[in-house]
Structure formats: C-alpha cells, structure tokens
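Note sheet for the following structure.
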Amino acid sequence: MATEVTCPIQGNDVPITWDANLTQSDVIKVIETFAPFGHWVRNMQDKSTQAELRVVSVHMQSVDKFGPRIGFVKFSAKVADVHNPTRIVPGIVFARGGAVAVLMILSARKPNGQIKEYTVVTEQARIAAGKANFVEIPAGMLDGDGNFAGAMAREVEEELGLKINVKELEPLTDHFQDTCSAEGMYPSVGGCDEFIKIYLYRKEVDQKDMDDLEGKQGGKEEEGEKLTARVIPLDELWRKAPDAKALSALCLYREQYLNTNTTTSSSTTSELDGLRQIAGLEAKLVSLEKQINDTKTVNTYTNVQNTKRPIMREEKISLREMYERALKKERNGEIEIAIPYYRIILDLFSEKENKYENDLNEQEIKIMKKKCEKEKERTVEQNKTEIQRSIKENKQEMEDIREERMSFLLL
C-alpha cells in the first residue's frame with residue numbers, strides 16, 4: 001500500500017504523507033475535492049509568496065467529515081525560507097475554508113420620532129470557547145460554489161427565518177482584494193486558513209418586526225444547530241459580543257460609512273436629514289429658548305491632531321451651542337462627529353421637553369389650586385354675607401314683634 005502521493009505545488013511535485021488513521025483515498029479526496037486545500041495551494045503559488053517561501057512536503061493528520069462531505073482537515077506543511085533554506089517556517093494548518101458574516105442594522109422610529117439603530121445577534125453553543133450561549137453576528141461556512149452573497153442570504157434565512165435579497169447586502173471586505181489580495185478578514189491566521197467575507201445589511205423596520213425577531217429560534221436541527229436571535233442596540237454590540245466577526249464588522253462599518261475620508265453614502269445623508277427633521281430643532285430652540293439654554297455636562301466629540309477618529313471629552317455646553325457645532329461639523333464634512341452630536345441633542349432635548357411638560361403640569365395644578373382657593377373664598381364671603389343679611393332680617397322682625405307687643409300692652 002502506498003504511503004505517499006504527490007501534489008503539484010509551486011511547479012514541483014510535493015510529497016504528501018498521512019497518519020495511520022487516514023487512507024490513501026482520504027488524502028486523494030482532500031487533494032482533489034476539498035476546496036479549502038485547493039485555495040491554500042493557490043495562495044502558496046502566488047508570485048509574492050513563491051519569492052519568499054517554498055513548500056517542501058505536506059503531512060495530513062486528520063480529516064473530519066459532515067456526513068459524506070469533508071468539513072475540516074488538519075495538516076502540517078514543511079515550508080522553507082527561499083533566502084535561507086535551513087530555516088523552516090512553522091506550518092501547522094487547520095483548514096476549514098472561507099465563511100460569510102453579516103452586520104444587520106435595523107432602524108426603528110420611536111414614538112417621539114427619534115430613529116434608533118439596532119443589530120441582530122445570535123446566541124448558540126460554541127464548544128471551542130466553552131460557552132453555552134456565545135453572542136455573535138449571523139455567519140456561516142461557504143458551500144464551495146463561490147457565491148458569497150448568496151451563501152450569506154441562505155444563512156440568514158436558515159438562522160433567522162428572514163429572506164434577504166442578495167442585492168441588499170453591501171460588502172465590507174472587498175477592499176482587501178485591492179490592497180493585499182485577501183478575500184476577507186482572517187480571524188486566526190496563526191493556525192487556521194479561515195477567511196470571512198463580511199457584509200452589511202441595513203433596513204428601516206417597524207417595532208413589531210423587531211419584537212418578532214427577539215427570541216426567535218433557528219438553525220439546522222439535522223446538524224445539531226440550535227440558536228436564539230437577540231435584538232440589541234447597535235452601540236452596545238462592542239460590549240456584548242466577544243466575537244471577532246462582530247468587532248471587525250463594526251470597525252469596518254464605522255471606517256467606511258462614518259469616516260471623513262470616505263464619500264458620504266446616501267444612507268448616511270438620509271440619516272443626517274432624518275436626525276435634523278425629527279428634532280425640529282430650529283423651531284423648538286426658539287419656542288423653548290428659556291428651557292434649553294442652560295448648560296449641561298455631556299460627552300462631546302472632537303478630532304485631535306488631525307486624526308481620523310473622533311474622541312470623547314466632557315464639556316459643559318448648551319443645546320443651542322451643540323446644534324450650531326453639529327451643523328458646522330456637517331458642513332465641514334466631519335460626519336462622524338455631526339451624527340453623534342445630533343443624537344446627543346435629541347436625547348437631551350427629549351429630557352428637557354419632558355421637564356418642560358412637567359413644569360407646565362405643575363403650573364396648571366398651581367393655577368387650579370388658586371382657582372379653587374378663590375372659589376372657596378368667594379363661597380365663604382357669599383355665605384358670610386347671606387348670614388349677615390339673615391341676622392339683619394331676623395333682628396328687624398324681632399323689632400317689629402317687640403313694637404307690636406308694646407302697643408298691645410299700652411292699650
């Protein structure tokens with residue numbers, strides 16, 4: 001029985017051996033049909049890689065199958081430094097191939113007209129992390145047909161029961177292909193070949209739609225999947241999901257859609273317009289000028305030393321000043337600062353409006369009390385007058401009786 005086969009890599013027939021738990025047919029099937037191994041071979045044959053590294057041999061250690069389909073392969077590759085052949089580069093590889101993930105941003109309008117952004121995450125058991133309810137964004141493995149967006153749409157339908165049009169998915173990782181020839185984000189490149197192509201999905205929904213998503217059960221039961229959907233505020237994602245996909249997606253979204261060096265997308269412009277319109281700031285600032293001019297200590301945003309990223313600082317500022325600053329930042333193209341300013345204004349404005357309404361209610365109550373007191377005083381005065389009149393009448397009647405009596409006695 002053969003203990004070695006060869007595979008053409010970098011123009012050479014590279015010997016491939018395997019552990020005793022594997023067969024020659026297993027190894028040949030990996031070489032000929034397992035897409036992640038073929039992808040690894042193509043990457044090793046890239047001109048820039050060949051100029052630095054040379055594959056000497058490969059040893060297959062294990063093959064895990066999902067039914068008849070190969071799922072994971074672990075192998076070690078002996079790879080030498082082209083410039084120093086005695087130096088062997090560490091090459092243990094857990095091959096599982098590419099995957100897809102999506103950052104779902106759902107915008108819902110509150111009763112006060114304010115728009116709040118939420119995202120959908122899943123909770124499921126992740127044995128590798130030792131967690132029964134690991135929080136992550138929706139994701140799934142590629143099926144080998146190369147249709148990344150289609151694979152993502154299928155995963156969303158399987159996990160959440162939502163049907164997404166492929167055209168609604170916006171790629172967040174395509175720029176890697178232009179800058180470093182990577183097809184996606186590599187979460188654990190020290191020992192795993194997995195790359196993840198990340199998409200963005202944005203949609204304005206009703207509160208009912210989000211309520212229907214919360215707690216929804218999904219996953220492929222035949223593959224042991226069981227997951228629960230959760231809807232959380234977008235600004236809490238970085239705190240609640242210790243997930244490389246989620247954190248990378250959030251970073252890419254902020255960099256590509258909220259960065260001053262990128263062209264403002266139509267959706268971002270729409271968000272800005274919405275924030276301005278919903279607040280109705282111009283009119284309200286005039287009508288409630290007295291209530292909104294008091295200063296308040298809040299976290300505001302600024303750019304320091306011409307850096308791209310805004311930082312937060314505590315500052316005493318009135319809503320009017322903040323609004324004017326937000327408008328100025330927007331005109332200057334500093335969108336990543338203008339949007340948080342508008343949101344701060346909406347929150348503070350709502351708070352002040354509530355206070356104003358409470359003050360009005362208190363004033364109405366005071367007026368009613370005064371009215372009641374006056375009514376009471378009027379009633380008391382009327383009663384007093386009536387009593388005095390009655391006493392006077394009684395006195396007069398008694399006088400009349402007394403006079404009649406005296407007249408009678410004199411007779």
Side-chain angles (χ1 to χ4, degrees), residues 100-123 133-139 152 155-156 159-160 162 164 168-173 185 196 198-216 227-260 262 264-276 278-279 298-301 308-312 326 335-348 350:
V100 285
V102 62
L103 175 64
M104 301 180 69
I105 299 180
L106 305 180
S107 301
R109 195 178 296 275
K110 290 185 173 182
N112 64 359
Q114 184 179 353
I115 291 178
K116 179 77 173 176
E117 290 183 332
Y118 296 85
T119 188
V120 182
V121 296
T122 62
E123 287 182 350
N133 296 291
F134 191 82
V135 178
E136 58 190 295
I137 61 175
M152 189 66 260
E155 284 295 331
V156 170
E159 294 186 359
L160 305 175
L162 293 177
I164 290 180
E168 296 178 297
L169 294 170
E170 304 172 56
L172 291 176
T173 49
M185 179 272 294
I196 303 175
I198 302 175
Y199 290 91
L200 173 67
Y201 174 77
R202 294 177 295 176
K203 189 173 185 179
E204 187 170 329
V205 298
D206 297 328
Q207 185 63 46
K208 182 181 180 302
D209 294 330
M210 289 204 296
D211 293 341
D212 290 343
L213 269 177
E214 174 63 30
K216 195 168 188 177
L227 55 86
T228 304
R230 299 293 180 203
V231 180
I232 63 174
L234 180 63
D235 55 12
E236 292 181 15
L237 178 61
W238 68 279
R239 296 177 183 275
K240 294 188 175 181
D243 170 37
K245 302 184 298 296
L247 300 177
S248 297
L250 196 57
C251 174
L252 290 167
Y253 167 64
R254 287 177 174 171
E255 187 67 19
Q256 294 181 40
Y257 288 84
L258 303 180
N259 192 302
T260 57
T262 58
T264 305
S265 67
S266 59
S267 57
T268 304
T269 303
S270 174
E271 182 181 7
L272 278 169
D273 292 341
L275 285 169
R276 266 191 256 99
I278 293 163
V298 298
N299 284 325
T300 58
Y301 294 74
K308 295 179 183 178
R309 294 170 297 176
I311 65 168
M312 285 198 302
I335 307 303
E336 83 287 358
I337 295 179
I339 287 179
Y341 266 134
Y342 282 131
R343 287 177 179 155
I344 291 172
I345 292 169
L346 288 171
D347 291 339
L348 294 181
S350 296

Under the rule for salt bridge (charged side-chain N to carboxylate O under 4.0 Å, His left out), what residues qualify as partners of [X], not counting sequence neighbours?
X    : result
E214 : R230
D212 : K208
K216 : none

Which donor-acceptor pairs under 3.5 Å do side chains of residues 232-241 form with protein atoms, sequence neighbours excluded?
residue, atom, partner, partner atom, Å
E236, OE1, K240, NZ, 2.8
W238, NE1, D235, O, 3.2

Considering all heavy atoms, the nearest Y118-A108 contact: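 Distance-wise, the nearest heavy atoms are CE1-CB, 4.3 Å.
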Verdict with reasoning, D243 to V135, per side-chain contact (heavy atoms from CB on, under 4.5 Å): CA-CA 7 Å; D243 170 37; V135 178; over 6 Å; no
Go through the structure and list residues passing side-chain contact (heavy atoms from CB on, under 4.5 Å) with [X], not counting sequence neighbours.
X    : value
L227 : T122, Q124, E159
D209 : V205, D206
T173 : F176, K197, I198, L252

Side-chain heavy atoms of I105 within contact of L200, under 4.5 Å: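 They are in side-chain contact.
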Intermediate values then yes/no, salt bridge (Lys or Arg N to Asp or Glu O under 4.0 Å), R202 and E117: CA-CA 10 Å; R202 294 177 295 176; E117 290 183 332; over 6 Å; no
Straight-line distance of [X] [atom1] to [Y] [atom2], nearest 0.5 Å:
X    : Y    : atom1 : atom2 : result
K203 : M104 : NZ    : CE    : 9.0 Å
L172 : C251 : CG    : SG    : 10.0 Å
R254 : Q256 : CZ    : CD    : 13.5 Å

